[in-house]
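All values below come from the heavy atoms of this structure, side chains included, with hydrogens, waters and symmetry mates left out.
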Amino acid sequence: MAEILVNPQNAPIDQPVDIIVVGLPPGDEITVQLSTGDRASHGVFTADERGVVDLTRHAPLEGTYAGVDPMGLFWSLERTGGKQGPMVLSAEGAGEIELQRLSVPEGVERVEVRENGLVGTLFAPEDDGGDLPGVIVLGGSEGGLHESDAALLAAHGFVAFALGYFGMKGLPERLVDIPLEYFGTAIDYLSERAGEIGVIGGSRGGELALLVGATYPQVRAVVSLVGSGVVTQGIGPGANLLQILQHDAASWTLKGEPLPYLPYYVGEELRSKIVNGEPVPLRLAFDTSDGIPEDTEIRVENIVGGVLLISSGHDDGWPSVELSEVAMRRLKDHEHPFPYEHVVYPEAGHLIAAPPYRPQTDVTYPGPGVTFSGGGVPQATAHAQANAWKRTVEFLQEQLGT
């Protein structure tokens, strides 16, 4: 009798699973399907001479992904138009099995933080003895909190602080004139509850992570995912994207003074895509053809610890490779005494700054009155996301000492 074997059946969302179907007639073709109600994926496989289909060793003949890819069914989930439900894995003749993918792993405590002006959520292992390293987790231009990132980091041995800095109750509405002192307060808060401190951020949060590390010597490790070694313009008010891009405002302040920034550029190509309702590659708003003003470069050489820069070669969100290379150049020029590296995934798009094994079939995402293009090839972006997360966790563990 055919049977589906999944190991593990219940696991954190950043943990891969092995999927095997046994007891099949050798040579039979079967369809293995994953469904969450609102999304579905599938692969058609041929049972081997032992009557086994093993997704860790076998490639589908056809389906929503190609090649041997143990987690292919997960990242290739496509929208169905249905309602979200439980995650169910099924195979012809072998029944179905419900999977649990945990955004907050077992053994992790969650505490909301609303004090000293801070808005965030703290995650820590339940058996935390008080000497684990701490990590501040920063989101990007969408605002809000990245709680799942922090919860998963806690399961890897950190006291992780998902910190909001705009777009939430009690915080500025927009990414304009955000005081860096706010992050100093967050560092002090986390230092009372953890050992060495690191900062991680994605996209605009990656820019911010480098800036916070360069400003506060308590920070011993920085991870900037599709980030920037250059301070860029704020995201102000506006009824549409064109108005937002043309609102002249700084993103960050220090001691009450706005930090110099690289301004947005609205050229004909960008304007045309916005007006015509086409997917918008926001990278067009960042023009560096005349060079980057030196006063907008983040002084990453002041970071008292390791620096990991991660970029995507087909990033339509903004030119993360070029902007991160500015940081890399400064680290080299100043002979930075701590480990530093710039990892580039050539075929990946912008959406790699999150825990892995999430659907990557949406190559666009909503913006203010427009649809943004993320860029990249879904499979390459999915694999880059998984590798980037692994590198991030290992880097933080090495630099902060779990």
Side-chain angles (χ1 to χ4, degrees), residues 2-22 24 28-48 52-103 148 152 279 312 314 345 347-366 371 373-390:
E3 182 183 8
I4 305 173
L5 304 177
V6 180
N7 182 38
Q9 188 172 335
N10 301 320
I13 57 177
D14 66 339
Q15 184 174 339
V17 299
D18 296 340
I19 297 173
I20 302 174
V21 184
V22 298
L24 299 165
D28 259 23
E29 288 188 7
I30 68 159
T31 298
V32 181
Q33 178 171 311
L34 187 66
S35 173
T36 58
D38 59 336
R39 290 180 180 265
S41 59
H42 74 279
V44 179
F45 299 86
T46 301
D48 65 16
V52 171
V53 167
D54 183 349
L55 272 61
T56 67
R57 297 188 298 114
H58 298 156
L61 303 173
E62 60 179 88
T64 50
Y65 74 96
V68 177
D69 191 336
M71 297 300 288
L73 289 176
F74 292 82
W75 66 255
S76 69
L77 284 162
E78 299 175 336
R79 294 187 184 276
T80 64
K83 294 183 178 180
Q84 185 175 1
M87 178 175 282
V88 177
L89 180 71
S90 60
E92 288 176 286
E96 61 182 38
I97 186 170
E98 187 172 320
L99 307 182
Q100 295 289 335
R101 303 291 286 169
L102 305 175
S103 56
S148 62
L152 293 165
S312 293
H314 281 191
Y345 300 101
E347 301 297 322
H350 188 65
L351 302 178
I352 68 169
Y357 314 129
R358 309 276 188 90
Q360 285 290 352
T361 48
D362 298 333
V363 295
T364 61
Y365 52 98
T371 297
S373 168
V377 179
Q379 183 169 359
T381 300
H383 290 175
Q385 187 181 56
N387 187 257
W389 180 254
K390 181 175 182 291

Asker: Taking all atoms of both residues into account, what is the closest heavy-atom pair of Ala384 and Ala348, and its distance?
Answerer: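 For Ala384 and Ala348, the tightest heavy-atom pair comes out as CB-CB, 3.6 Å.
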Asker: Of all heavy-atom pairs between Ala66 and Pro60, which one has the smallest distance, and what is that distance?
Answerer: CA-CG, 4.4 Å
Asker: For Pro70 and Thr56, work out which heavy atoms get closest and say how close.
Answerer: CG-CA, 3.9 Å
Asker: Distance-only, no hydrogens or angles: does the Ser312 side chain make a donor-acceptor pair with backbone N or O of Tyr345 under 3.5 Å?
Answerer: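 Side chain of Ser312 to backbone of Tyr345: no pair is present.
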Asker: If I compare all heavy atoms of Val53 with all of His58, which pair ends up nearest, and what's the gap?
Answerer: CA-ND1, 3.6 Å
Asker: Could you verify whether a donor N or O on one side chain and an acceptor N or O on the other, from Ser148 and Arg358, lie under 3.5 Å apart?
Answerer: yes
Asker: As an exercise, state the distance from CG of Leu34 to CD of Glu78, rounded to the nearest 0.5 Å.
Answerer: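 Those atoms lie 12.0 Å apart.
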Asker: Could you walk me through whether Ile13 and Phe74 pass the side chain to side chain contact (heavy atoms under 4.5 Å, CB included) test, one step at a time?
Answerer: CA-CA 10 Å; Ile13 57 177; Phe74 292 82; over 6 Å; no
Asker: Measuring from Asp18:CG to Gln9:CD, what's the distance to the nearest 0.5 Å?
Answerer: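 Output value for this atom pair is 13.0 Å.
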Asker: Using only atom types and a distance under 3.5 Å, with no angle test, would you say the side chain of Thr64 pairs donor to acceptor with the backbone of His42?
Answerer: yes
Asker: Please report the shortest heavy-atom distance between Thr381 and Gly349, naming the atom on each side.
Answerer: OG1-N, 2.9 Å
Asker: Whether the side chain of Glu347 engages the backbone of Gln379 through a donor-acceptor N/O pair (distance < 3.5 Å, no angle test) should be reported.
Answerer: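 No, because the side chain of Glu347 does not come within donor-acceptor range (under 3.5 Å) of the backbone of Gln379.
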Asker: Just by distance, do the side chain of Ser76 and the backbone of Ser41 share a donor-acceptor pair under 3.5 Å?
Answerer: no
Asker: Looking only at heavy atoms, which two atoms of Ile30 and Ala91 are closest? And how far apart?
Answerer: CD1-CB, 4.2 Å
Asker: Rounded to the nearest 0.5 Å, what separation is found between the CG atom of Asp14 and the CG atom of Leu152?
Answerer: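 Those atoms lie 4.5 Å apart.
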Asker: Look at the side chain of Asp69 and the backbone N and O of Met71, then say whether any donor-acceptor pair between them is shorter than 3.5 Å.
Answerer: yes
Asker: Could you state the interatomic distance from CD1 (Ile97) to CE (Met87), rounded to the nearest 0.5 Å?
Answerer: 12.5 Å
Asker: Is the closest side-chain heavy-atom distance between Val17 and Arg101 below 4.5 Å?
Answerer: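 Yes, at least one pair of side-chain atoms sits under 4.5 Å.
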Asker: Once the angle between the rings of Trp75 and His383 is folded into 0 to 90°, is it parallel (under 30°), tilted (30 to 60°) or perpendicular (over 60°)?
Answerer: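 Aromatic pair Trp75/His383 classed perpendicular.
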Asker: Are Asp362 and Arg39 side-chain neighbours, meaning at least one heavy-atom pair lies under 4.5 Å?
Answerer: yes
Asker: With rounding to the nearest 0.5 angstrom, report the CG to CD1 distance, Leu99 to Ile4.
Answerer: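 So the CG of Leu99 and the CD1 of Ile4 are separated by 9.0 Å.
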Asker: Tell me if a side-chain donor or acceptor on Arg57 pairs with a main-chain N or O of Val68 at a distance below 3.5 Å.
Answerer: no
Asker: Does any part of the side chain of Val22, heavy atoms only, come nearer than 4.5 Å to the side chain of Ile20, both counted from C-beta?
Answerer: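 Ile20 vs Val22: side chains touch.
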Asker: Hey, is the main chain of Gly37 close enough, under 3.5 Å, to the side chain of Thr80 for a donor-acceptor pair?
Answerer: yes
Asker: How far does CG of Leu24 sit from OG1 of Thr46, to the nearest 0.5 angstrom?
Answerer: 10.5 Å
